[in-house]
Amino acid sequence: MGAKAAVSRAVLIAQMTDIHVGFAPDEAGEELNLVRLRAALARLADGPNRPDFLVLSGDLTENGDAASFAKLGTLLADLPCPILPMVGNHDSRATFLAAFPQVEAAADGFAHYVVDAPLGLRIICLDTLEDGRHGGAFCESRAAWLAARLAEAPDTPTLIFMHHPPVVAGIDWMDPAPGEPWITRLAAVLEGQRQVQAIHCGHLHRTISTRFAGIPLGITPAIAPLVAMDLSPIDPDTPDARELIVAEPPSYALHRWDGENLVTHYEQVGDWAVLARFHAGLQPMVAGMFAERD
Ligand SMILES: [Fe+2]
Ligand SMILES: [Fe+2]
(Lines give C-alpha, C1' and ligand atoms only; values in the text may rest on other atoms or scores of the structure.)
(Ligands and ions follow the chains in the order given, each with its own letter.)
Protein backbone atom coordinates (compact mmCIF):
# COMPACT_ATOMS: atom_id res chain seq x y z
CA MET A 1 0.00 0.00 0.00
CA GLY A 2 1.16 3.53 -0.72
CA ALA A 3 1.61 6.44 1.61
CA LYS A 4 -2.06 6.81 2.46
CA ALA A 5 -4.69 4.30 3.45
CA ALA A 6 -7.23 3.65 0.73
CA VAL A 7 -10.43 4.50 2.55
CA SER A 8 -10.97 5.23 6.19
CA ARG A 9 -14.22 4.36 7.89
CA ALA A 10 -17.00 6.73 6.97
CA VAL A 11 -20.70 6.92 7.67
CA LEU A 12 -22.80 5.62 4.80
CA ILE A 13 -26.38 6.83 4.54
CA ALA A 14 -28.37 5.05 1.87
CA GLN A 15 -31.37 6.88 0.47
CA MET A 16 -34.16 5.10 -1.33
CA THR A 17 -37.13 7.12 -2.40
CA ASP A 18 -40.45 6.95 -4.21
CA ILE A 19 -41.09 3.26 -3.82
CA HIS A 20 -44.83 3.64 -4.55
CA VAL A 21 -45.87 0.27 -3.15
CA GLY A 22 -49.33 -0.53 -4.49
CA PHE A 23 -49.03 1.22 -7.84
CA ALA A 24 -49.67 -1.67 -10.22
CA PRO A 25 -49.00 -5.38 -10.53
CA ASP A 26 -46.89 -6.57 -13.43
CA GLU A 27 -48.04 -9.18 -15.91
CA ALA A 28 -47.08 -12.08 -13.66
CA GLY A 29 -49.24 -10.66 -10.90
CA GLU A 30 -46.25 -9.67 -8.81
CA GLU A 31 -46.05 -6.05 -7.89
CA LEU A 32 -43.44 -4.36 -10.01
CA ASN A 33 -42.38 -1.80 -7.41
CA LEU A 34 -41.83 -4.49 -4.78
CA VAL A 35 -39.67 -6.39 -7.26
CA ARG A 36 -37.65 -3.25 -7.85
CA LEU A 37 -37.33 -2.55 -4.11
CA ARG A 38 -36.27 -6.10 -3.40
CA ALA A 39 -33.51 -5.80 -5.99
CA ALA A 40 -32.27 -2.55 -4.48
CA LEU A 41 -32.31 -3.90 -0.93
CA ALA A 42 -30.48 -7.02 -2.08
CA ARG A 43 -27.82 -4.88 -3.72
CA LEU A 44 -27.31 -3.04 -0.44
CA ALA A 45 -27.30 -6.20 1.64
CA ASP A 46 -25.06 -8.27 -0.63
CA GLY A 47 -22.82 -5.57 -2.10
CA PRO A 48 -19.74 -3.94 -0.61
CA ASN A 49 -21.50 -0.85 0.73
CA ARG A 50 -23.36 -1.72 3.91
CA PRO A 51 -25.11 1.44 5.05
CA ASP A 52 -25.29 2.76 8.60
CA PHE A 53 -28.74 4.21 7.91
CA LEU A 54 -31.40 3.82 5.26
CA VAL A 55 -33.43 6.95 4.58
CA LEU A 56 -36.76 6.38 2.84
CA SER A 57 -37.61 9.84 1.56
CA GLY A 58 -41.32 9.63 0.89
CA ASP A 59 -43.88 8.31 -1.55
CA LEU A 60 -43.31 4.99 0.14
CA THR A 61 -46.76 3.92 -1.03
CA GLU A 62 -48.95 4.86 -3.96
CA ASN A 63 -52.18 5.37 -2.03
CA GLY A 64 -51.12 5.69 1.61
CA ASP A 65 -53.02 2.55 2.65
CA ALA A 66 -52.08 0.34 5.57
CA ALA A 67 -51.82 -2.79 3.41
CA SER A 68 -49.11 -1.20 1.25
CA PHE A 69 -47.20 -0.01 4.32
CA ALA A 70 -47.44 -3.55 5.69
CA LYS A 71 -45.96 -5.00 2.47
CA LEU A 72 -43.15 -2.47 2.70
CA GLY A 73 -42.53 -3.35 6.32
CA THR A 74 -42.18 -7.02 5.44
CA LEU A 75 -39.40 -6.28 2.97
CA LEU A 76 -37.60 -4.00 5.41
CA ALA A 77 -37.88 -6.33 8.39
CA ASP A 78 -34.42 -7.89 8.08
CA LEU A 79 -32.50 -4.73 7.32
CA PRO A 80 -29.45 -4.58 9.61
CA CYS A 81 -29.44 -0.80 10.00
CA PRO A 82 -31.78 1.88 11.33
CA ILE A 83 -34.43 3.11 8.91
CA LEU A 84 -35.34 6.79 8.72
CA PRO A 85 -38.73 6.86 7.00
CA MET A 86 -40.41 9.99 5.71
CA VAL A 87 -43.73 10.96 4.18
CA GLY A 88 -44.35 12.03 0.59
CA ASN A 89 -47.44 13.33 -1.13
CA HIS A 90 -48.71 9.83 -1.94
CA ASP A 91 -48.55 8.76 1.71
CA SER A 92 -51.03 9.37 4.51
CA ARG A 93 -49.32 10.81 7.57
CA ALA A 94 -51.56 8.98 10.05
CA THR A 95 -51.11 5.62 8.34
CA PHE A 96 -47.39 6.26 7.99
CA LEU A 97 -47.04 6.99 11.72
CA ALA A 98 -48.95 3.84 12.57
CA ALA A 99 -46.70 1.79 10.28
CA PHE A 100 -43.45 3.24 11.65
CA PRO A 101 -43.84 3.57 15.43
CA GLN A 102 -40.18 4.60 15.70
CA VAL A 103 -41.22 7.94 14.19
CA GLU A 104 -42.86 10.04 16.84
CA ALA A 105 -44.87 12.94 15.51
CA ALA A 106 -43.54 16.25 16.78
CA ALA A 107 -45.64 18.43 19.08
CA ASP A 108 -47.02 20.20 16.01
CA GLY A 109 -48.22 16.88 14.58
CA PHE A 110 -45.74 16.68 11.70
CA ALA A 111 -43.51 13.69 11.01
CA HIS A 112 -40.23 15.59 11.17
CA TYR A 113 -37.33 14.58 13.39
CA VAL A 114 -33.59 14.73 14.04
CA VAL A 115 -31.09 11.86 14.22
CA ASP A 116 -27.53 12.18 15.45
CA ALA A 117 -25.23 10.10 13.25
CA PRO A 118 -21.61 9.11 13.95
CA LEU A 119 -18.67 11.39 13.14
CA GLY A 120 -20.57 14.46 14.27
CA LEU A 121 -23.26 14.51 11.59
CA ARG A 122 -26.79 15.62 12.31
CA ILE A 123 -29.60 14.40 10.08
CA ILE A 124 -32.86 16.34 9.83
CA CYS A 125 -35.84 14.70 8.13
CA LEU A 126 -38.57 17.14 7.10
CA ASP A 127 -42.26 16.61 6.44
CA THR A 128 -43.45 18.40 3.28
CA LEU A 129 -46.82 16.67 2.96
CA GLU A 130 -50.07 18.57 2.70
CA ASP A 131 -52.98 16.19 2.37
CA GLY A 132 -54.61 16.30 -1.03
CA ARG A 133 -51.78 18.25 -2.63
CA HIS A 134 -49.27 16.85 -5.13
CA GLY A 135 -46.69 19.55 -4.57
CA GLY A 136 -44.77 20.36 -1.41
CA ALA A 137 -45.73 22.27 1.68
CA PHE A 138 -43.76 24.03 4.39
CA CYS A 139 -46.03 26.02 6.69
CA GLU A 140 -45.13 28.50 9.43
CA SER A 141 -45.24 25.74 12.04
CA ARG A 142 -42.71 23.62 10.13
CA ALA A 143 -40.56 26.67 9.46
CA ALA A 144 -40.45 27.44 13.18
CA TRP A 145 -39.57 23.83 13.97
CA LEU A 146 -36.70 23.77 11.46
CA ALA A 147 -35.40 27.16 12.57
CA ALA A 148 -35.32 25.94 16.17
CA ARG A 149 -33.49 22.72 15.21
CA LEU A 150 -30.88 24.65 13.26
CA ALA A 151 -30.48 27.21 16.05
CA GLU A 152 -29.80 24.55 18.68
CA ALA A 153 -26.73 23.20 16.83
CA PRO A 154 -25.40 25.99 14.60
CA ASP A 155 -21.92 24.50 14.37
CA THR A 156 -22.84 20.86 13.79
CA PRO A 157 -22.63 19.61 10.19
CA THR A 158 -26.20 18.91 9.16
CA LEU A 159 -27.76 16.93 6.33
CA ILE A 160 -31.40 17.64 5.46
CA PHE A 161 -33.76 15.22 3.75
CA MET A 162 -37.15 16.25 2.36
CA HIS A 163 -39.47 14.63 -0.12
CA HIS A 164 -40.31 17.60 -2.33
CA PRO A 165 -37.50 19.46 -4.09
CA PRO A 166 -37.99 23.19 -3.52
CA VAL A 167 -36.69 23.99 -7.00
CA VAL A 168 -37.86 24.28 -10.58
CA ALA A 169 -36.00 21.44 -12.28
CA GLY A 170 -37.39 21.84 -15.79
CA ILE A 171 -39.58 18.76 -15.83
CA ASP A 172 -42.60 20.92 -16.43
CA TRP A 173 -45.45 18.65 -15.33
CA MET A 174 -43.76 17.79 -12.02
CA ASP A 175 -42.36 21.19 -11.10
CA PRO A 176 -43.62 23.74 -8.59
CA ALA A 177 -44.32 27.24 -9.84
CA PRO A 178 -41.39 29.59 -9.31
CA GLY A 179 -41.59 31.35 -5.97
CA GLU A 180 -44.34 29.29 -4.37
CA PRO A 181 -44.81 30.56 -0.79
CA TRP A 182 -43.66 27.32 0.85
CA ILE A 183 -40.39 27.53 -1.09
CA THR A 184 -39.80 31.15 -0.14
CA ARG A 185 -40.51 30.27 3.51
CA LEU A 186 -38.03 27.40 3.45
CA ALA A 187 -35.37 29.53 1.77
CA ALA A 188 -35.76 32.16 4.48
CA VAL A 189 -35.06 29.56 7.18
CA LEU A 190 -32.04 28.11 5.38
CA GLU A 191 -30.37 31.31 4.18
CA GLY A 192 -26.99 31.67 5.86
CA GLN A 193 -27.17 28.34 7.73
CA ARG A 194 -23.64 27.35 6.92
CA GLN A 195 -23.77 24.11 8.91
CA VAL A 196 -26.13 22.58 6.34
CA GLN A 197 -23.93 20.44 4.13
CA ALA A 198 -26.61 19.44 1.65
CA ILE A 199 -30.30 18.88 1.06
CA HIS A 200 -31.42 15.62 -0.54
CA CYS A 201 -34.90 15.06 -1.92
CA GLY A 202 -37.01 12.63 -3.91
CA HIS A 203 -40.35 13.13 -5.69
CA LEU A 204 -39.01 13.90 -9.18
CA HIS A 205 -37.94 10.31 -9.96
CA ARG A 206 -34.72 11.50 -11.63
CA THR A 207 -31.10 12.22 -10.70
CA ILE A 208 -30.73 15.99 -10.43
CA SER A 209 -28.17 18.30 -8.85
CA THR A 210 -28.51 22.01 -8.12
CA ARG A 211 -28.35 24.54 -5.27
CA PHE A 212 -31.01 26.02 -3.01
CA ALA A 213 -30.49 28.95 -0.65
CA GLY A 214 -26.78 28.57 -1.34
CA ILE A 215 -26.80 24.90 -0.27
CA PRO A 216 -26.02 21.95 -2.55
CA LEU A 217 -29.25 20.10 -3.34
CA GLY A 218 -29.56 16.64 -4.83
CA ILE A 219 -32.56 14.69 -6.02
CA THR A 220 -32.34 10.93 -5.74
CA PRO A 221 -34.06 8.91 -8.47
CA ALA A 222 -36.82 6.50 -7.62
CA ILE A 223 -37.13 2.86 -6.76
CA ALA A 224 -40.36 2.96 -8.81
CA PRO A 225 -40.08 3.63 -12.57
CA LEU A 226 -38.55 6.96 -13.47
CA VAL A 227 -39.99 10.17 -14.86
CA ALA A 228 -38.99 10.61 -18.49
CA MET A 229 -36.08 12.91 -19.31
CA ASP A 230 -37.98 15.66 -21.15
CA LEU A 231 -37.18 19.29 -20.41
CA SER A 232 -39.49 20.81 -23.02
CA PRO A 233 -42.46 22.91 -21.88
CA ILE A 234 -45.77 21.10 -21.62
CA ASP A 235 -49.27 22.35 -22.38
CA PRO A 236 -51.44 20.67 -19.76
CA ASP A 237 -54.48 20.97 -22.05
CA THR A 238 -52.83 19.32 -25.06
CA PRO A 239 -51.80 15.66 -24.73
CA ASP A 240 -48.81 15.37 -27.06
CA ALA A 241 -47.91 11.70 -26.50
CA ARG A 242 -44.65 12.61 -24.86
CA GLU A 243 -43.04 10.07 -22.56
CA LEU A 244 -44.00 10.60 -18.93
CA ILE A 245 -42.89 7.44 -17.07
CA VAL A 246 -40.17 5.09 -18.26
CA ALA A 247 -38.90 1.76 -16.94
CA GLU A 248 -35.33 2.85 -16.25
CA PRO A 249 -33.75 0.72 -13.52
CA PRO A 250 -34.35 1.47 -9.84
CA SER A 251 -31.68 3.68 -8.30
CA TYR A 252 -30.64 4.80 -4.87
CA ALA A 253 -28.15 7.21 -3.33
CA LEU A 254 -25.29 6.57 -0.95
CA HIS A 255 -24.26 9.63 1.02
CA ARG A 256 -20.76 9.24 2.46
CA TRP A 257 -19.76 11.41 5.42
CA ASP A 258 -16.14 11.11 6.56
CA GLY A 259 -16.29 13.72 9.30
CA GLU A 260 -15.32 16.56 6.98
CA ASN A 261 -16.92 16.09 3.60
CA LEU A 262 -20.22 14.79 2.36
CA VAL A 263 -20.07 13.01 -1.00
CA THR A 264 -23.07 11.49 -2.76
CA HIS A 265 -22.99 8.50 -5.09
CA TYR A 266 -25.85 7.10 -7.13
CA GLU A 267 -26.19 3.52 -8.25
CA GLN A 268 -28.57 2.00 -10.76
CA VAL A 269 -29.59 -1.47 -9.65
CA GLY A 270 -29.23 -4.12 -12.31
CA ASP A 271 -27.43 -7.25 -13.31
CA TRP A 272 -24.58 -5.44 -15.01
CA ALA A 273 -21.68 -7.25 -16.65
CA VAL A 274 -18.43 -6.83 -14.69
CA LEU A 275 -15.71 -5.84 -17.18
CA ALA A 276 -12.70 -5.75 -14.86
CA ARG A 277 -11.88 -7.12 -11.44
CA PHE A 278 -8.97 -6.57 -9.08
CA HIS A 279 -7.02 -9.63 -10.10
CA ALA A 280 -3.25 -9.96 -10.34
CA GLY A 281 -3.19 -8.65 -13.91
CA LEU A 282 -4.50 -5.24 -12.82
CA GLN A 283 -2.56 -5.11 -9.55
CA PRO A 284 0.34 -3.04 -11.02
CA MET A 285 -2.12 -0.45 -12.29
CA VAL A 286 -3.85 -0.15 -8.92
CA ALA A 287 -0.57 -0.10 -7.02
CA GLY A 288 0.76 2.54 -9.40
CA MET A 289 -2.20 4.78 -8.64
CA PHE A 290 -1.46 4.47 -4.93
CA ALA A 291 2.23 5.11 -5.47
CA GLU A 292 1.63 8.54 -6.97
CA ARG A 293 -0.35 9.78 -3.96
CA ASP A 294 1.49 12.19 -1.75
FE1 LIG B 1 -43.02 9.72 -6.32
FE1 LIG C 1 -43.88 12.71 -4.60
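Remember, it's 1-based here, ligands and their atoms both numbered in the order they're listed. In what follows, every heavy atom counts, from backbone to side chain, and hydrogens, waters and symmetry copies are set aside.
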Any salt bridge between D52 and R256, counting N to O under 4.0 Å?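 Salt bridge flag = no for R256 with D52.
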Decide, yes or no, whether a salt bridge links E130 with R142 under the criterion of side-chain N to carboxylate O below 4.0 Å.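 A salt bridge is absent here (no side-chain N lies under 4.0 Å from a carboxylate O).
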Sort and list the pairs that fulfil side-chain hydrogen bond (donor to acceptor under 3.5 Å, both in side chains) and have at least one residue in residues 167-177, not counting sequence neighbours.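 Passing the test, one end in residues 167-177: no pairs.
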In terms of heavy-atom contacts, does CD of E243 have more than 12 from other residues, nucleotides or ligands at under 6.0 Å?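 Atom CD in E243 is not packed in, count stays at 12 or less.
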Should we say atom CD of E191 is surrounded by more than 12 heavy atoms from elsewhere, each under 6.0 Å from it?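 For E191, atom CD is crowded (more than 12 foreign heavy atoms under 6.0 Å).
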Proximal protein heteroatoms (N, O or S) of the Fe ion (ligand 1), under 2.8 Å: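 Less than 2.8 Å away from the Fe ion (ligand 1) sit D18 OD2, H20 NE2, D59 OD2, H205 NE2.
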Do P157 and Q197 touch side chain to side chain, with heavy atoms closer than 4.5 Å?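 They are in side-chain contact.
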Confirm or rule out an N/O/S atom of H163, from backbone or side chain, lying less than 2.8 Å from the Fe ion (ligand 2).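 Within the cut-off used here (under 2.8 Å), H163 does place an N, O or S atom near the Fe ion (ligand 2).
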